[in-house]
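In what follows, a single structure is set out as structure tokens and then discussed.
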Amino acid sequence: QVQLVESGGGLVQAGGSLRLSCAASGRTFSNYTMGWFRQAPGKEREFVARIRWSGDTALYADSMKGRFTISRDTAKNTVYLQMDNLKPEDTAVYYCGATPYSGYSSHDYDYWGQGTQVTVSS
């Protein structure tokens with residue numbers, strides 16, 4: 001019943017842009033943090049960015065600062081990840097998650113989406 005559904009991934013050339021969406025349903029997330037993580041083959045799931053539905057500003061991993069922007073649209077129950085100046089090393093499956101905690105650690109998340117593939121060619 002509780003669902004997080006990511007969309008917007010695809011194949012893009014280095015330097016291009018994509019906007020990922022995460023549509024939340026099945027419960028209210030007003031007291032939750034929404035986060036984006038990514039996982040490349042053979043690597044751990046790593047933190048990308050997070051934002052609360054209300055109350056504070058966005059937080060980013062250092063490698064994403066200046067290129068990625070997380071935002072929310074509470075009316076649509078949707079969070080976004082705008083990715084600009086993409087690099088081949090950004091290639092990964094990107095996941096949306098929800099947690100009642102601060103959202104830096106993947107272990108804190110109660111809910112996850114199925115992921116969306118982002119592939120950046122050189």
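Quick note: residue numbers are just sequence positions, from 1.
- Between the side chains of Arg50 and Thr33, no donor N or O sits under 3.5 Å from an acceptor N or O.
- Judged as a side-chain contact (heavy atoms from CB on, under 4.5 Å), and not counting sequence neighbours, the contacts of Val118 are Leu18, Leu20, Met83, Tyr94, Val120.
- Within the structure, every pair that satisfies the disulfide bond (SG atoms under 2.5 Å apart) test and touches residues 86-122, not counting sequence neighbours, is listed here: Cys22-Cys96.
- A donor-acceptor pair under 3.5 Å is formed between the side chain of Arg67 and the backbone N or O of Asn85.
- In terms of the ring pair (Phe, Tyr, Trp, His ring centres under 6.0 Å) criterion, residue partners of Tyr109 (sequence neighbours excluded) are, by chain and number, Phe37, Trp112.
- Residues forming a side-chain contact (heavy atoms from CB on, under 4.5 Å) with Ser7 (at least two apart in sequence, or on another chain): Ser21.
- Here Ala49 pairs with Tyr60, Ile70, Leu81 under the side-chain contact (heavy atoms from CB on, under 4.5 Å) rule; sequence neighbours left out.
- Each of Trp53 and Leu59 belongs to its own hydrophobic cluster when Ile, Leu, Val, Met, Phe, Trp and Tyr are linked at side-chain heavy-atom distances under 4.5 angstrom.
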Show every donor-acceptor pair shorter than 3.5 Å between a side-chain atom in residues 99-108 and any protein atom, with sequence neighbours excluded, or say none if there are none.
from: Thr99; atom 1: OG1; to: Tyr101; atom 2: N; distance (Å): 3.0
from: Thr99; atom 1: OG1; to: Asp108; atom 2: O; distance (Å): 2.6
from: Ser105; atom 1: OG; to: His107; atom 2: N; distance (Å): 3.2

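- Residues meeting the salt bridge (Lys or Arg N to Asp or Glu O under 4.0 Å) test with Lys76, sequence neighbours left out: none.
- The list of disulfide bond (SG atoms under 2.5 Å apart) pairs with a residue in residues 40-86, not counting sequence neighbours, is empty.
- Judged as a salt bridge (Lys or Arg N to Asp or Glu O under 4.0 Å), and not counting sequence neighbours, the contacts of Arg38 are Glu46, Asp90.
- Identified under the disulfide bond (SG atoms under 2.5 Å apart) test for residues 36-86, with sequence neighbours left out: none.
- By the side-chain contact (heavy atoms from CB on, under 4.5 Å) test, Arg19 pairs with Tyr80, Gln82, sequence neighbours left out.
- Pairs passing the disulfide bond (SG atoms under 2.5 Å apart) check and including a residue from residues 28-93, sequence neighbours excluded, do not occur.
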